There are 2 protein chains.
Amino acid sequence: MKALRYIASQNNKIITVSELVKKLRIPHSFLRKILQILNKKRILKSYKGQGGGFMLALKPDEIFLADLIRIFHGPFKFNDCLFVKKKCPEVNSCILKRKIDNIEQRVIAELKSITLESLLQ
Amino acid sequence: MKALRYIASQNNKIITVSELVKKLRIPHSFLRKILQILNKKRILKSYKGQGGGFMLALKPDEIFLADLIRIFHGPFKFNDCLFVKKKCPEVNSCILKRKIDNIEQRVIAELKSITLESLLQ
DNA sequence: GTAAATGATACCATTTTAGTATCATTTATA
DNA sequence: TATAAATGATACTAAAATGGTATCATTTAC
Ligand code: FES
Ligand code: FES
């Protein structure tokens, strides 16, 4: 998120990992890996070769925290009731599951409402 | 939760792990460990020796999902921004952190509103 | 042709997760 | 009072996730 914020703040300039490393004090390889993932997931565009780097592929108000979390953390599931790798048989009738699913939906809605734009102060 | 629901449903009877295992098809040792923890955390009371077992230590409407999650999962923190084990320096000014803390508070409030009582249909 | 950039991918140590297993202690009761 | 039925304490484990690092390959501007 720090990297995305920085990139967004330099609108439509190509930013290299090295520049980000200097500004953000995040290790080079670590940051590079993250940006590569964001590129694959079409949040960033990348340009190879000398003079290359990264740019936003979307406008800041089209980049949602919910999507970024899904990219790095995997799909949301607060609540898949397993046992020894097998799904709980009550999964379709369970009151608790219904309540938690409900909370999950509300959280996802809130995470969707947080855009990169909304983090640019 | 399944075990607590079962125990609650047999109000004020002492329930053994073996009985729960039969009803709930959860492995004995696993369930035992869980109930031991709940006993230590004063959600259950235990009685040792023959004729022993477990009972609720609180009324079902005094047992909150939020507390059970804290017991097994540890404290809530959706959001402690670390780097190589060190806290992020922006932790006090970060807009994103504030937004996430906010969501966390709302989720905790909802988890507090789910009592064992509310799961007894 | 070379340096500066990303792409792909393999690697690693540590911690967490999701349980299992075992021995010790307590207590009712035959 | 011996025994069986219960929990208490605690050690153990395999597998996965976490939080990164490192390296070689490729592209491209100059
Ligand atoms: S879905 Fe498994 S107990 Fe609720
Ligand atoms: S608290 Fe670390 S970047 Fe927000």
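Letters A, B, ... mirror the listed sequences (proteins, then strands); counts begin at 1. Model, not experiment: these values are computed from the prediction.
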**Asked** What's the CD-C1' distance between A:Gln36 and C:dA10, to the nearest Å?
**Response** 13 Å
**Request:** In whole angstrom, give the distance that lies between atom NZ of A:Lys22 and atom P of C:dA4.
**Result:** 12 Å
**Item:** Validation row: A:Phe54, A:Leu20 side chains within 4.5 angstrom (heavy atoms)
**Value:** no
**Item:** B:Glu110 side-chain N/O to B:Val107 backbone N/O, donor-acceptor pair under 3.5 Å
**Value:** no
**Message:** Could you tell me how far apart A:Ile15 (CD1) and C:dA4 (P) are, to the nearest whole angstrom?
**Reply:** 18 Å
**Prompt:** Under 4.0 Å: is that the gap between some side-chain N or O of B:Asn39 and OP1 or OP2 of D:dT7?
**Reply:** no
**Message:** Just to be sure I understand the geometry, which residues of residues 24-32 of chain A put a non-hydrogen atom under 4.0 Å away from DNA chain C?
**Reply:** A:Arg32
**Message:** At 4.0 Å (heavy atoms only), tell me whether B:Lys33 reaches a base, stays on the sugar-phosphate, or touches nothing.
**Reply:** base
**Asked** Taking the side chain of B:Thr16 as heavy atoms from C-beta outward, which of D:dG20, C:dT17, D:dA6 is closest to it?
**Response** D:dA6
**Request:** Could you tell me the separation between the NZ atom of B:Lys40 and the C1' atom of D:dT7, rounded to a whole number of Å?
**Result:** 12 Å
**Prompt:** Would you call A:Ile71 and A:Ile43 a side-chain contact if the rule is heavy atoms closer than 4.5 Å?
**Reply:** yes
**Prompt:** Rounded to the nearest Å, what distance is computed from the CD1 atom of residue A:Ile14 to the C1' atom of nucleotide C:dT6?
**Reply:** 12 Å
**Asked** Separation of A:Phe72 atom CZ from D:dG20 atom C1', in whole Å?
**Response** 13 Å
**Message:** Rounded to the nearest 0.5 Å, what separates atom CG in A:Leu68 from atom CG in A:Leu38?
**Reply:** 6.5 Å
**Item:** B:Asn102 and B:Arg106, any side-chain heavy atoms less than 4.5 Å apart
**Value:** yes
**Asked** Can you tell if the side chain of A:Lys41 reaches within under 4.5 Å of the side chain of A:Arg70, non-hydrogen atoms only?
**Response** no
**Request:** Could you tell me whether A:Lys77 and A:Asp80 have a side-chain N and a carboxylate O separated by less than 4.0 Å?
**Result:** yes
**Atom pair CG/CD1 of B:Leu58 and B:Ile63 - distance to nearest 0.5 Å** = 5.0 Å
**Request:** Any chance you could lay out the salt bridge (Lys or Arg N to Asp or Glu O under 4.0 Å) test for B:Glu90 and A:Lys2, step after step, and finish with the verdict?
**Result:** CA-CA 10 Å; B:Glu90 294 167 42; A:Lys2 285 188 188 182; 3.6 Å; yes
**Request:** Give the rounded distance in Å between these two atoms: CG of A:Leu38 and C1' of C:dG7.
**Result:** 14 Å
**Prompt:** Could you state the CD1-P distance from A:Ile34 to D:dG20, rounded to the nearest angstrom?
**Reply:** 8 Å
**Request:** Please list, by residue number, the residues of residues 46-60 of chain A whose heavy atoms come closer than 4.0 Å to an atom of DNA chain C; answer none if no residue qualifies.
**Result:** A:Ser46, A:Tyr47, A:Lys48, A:Gly49, A:Gln50, A:Gly52, A:Gly53, A:Phe54
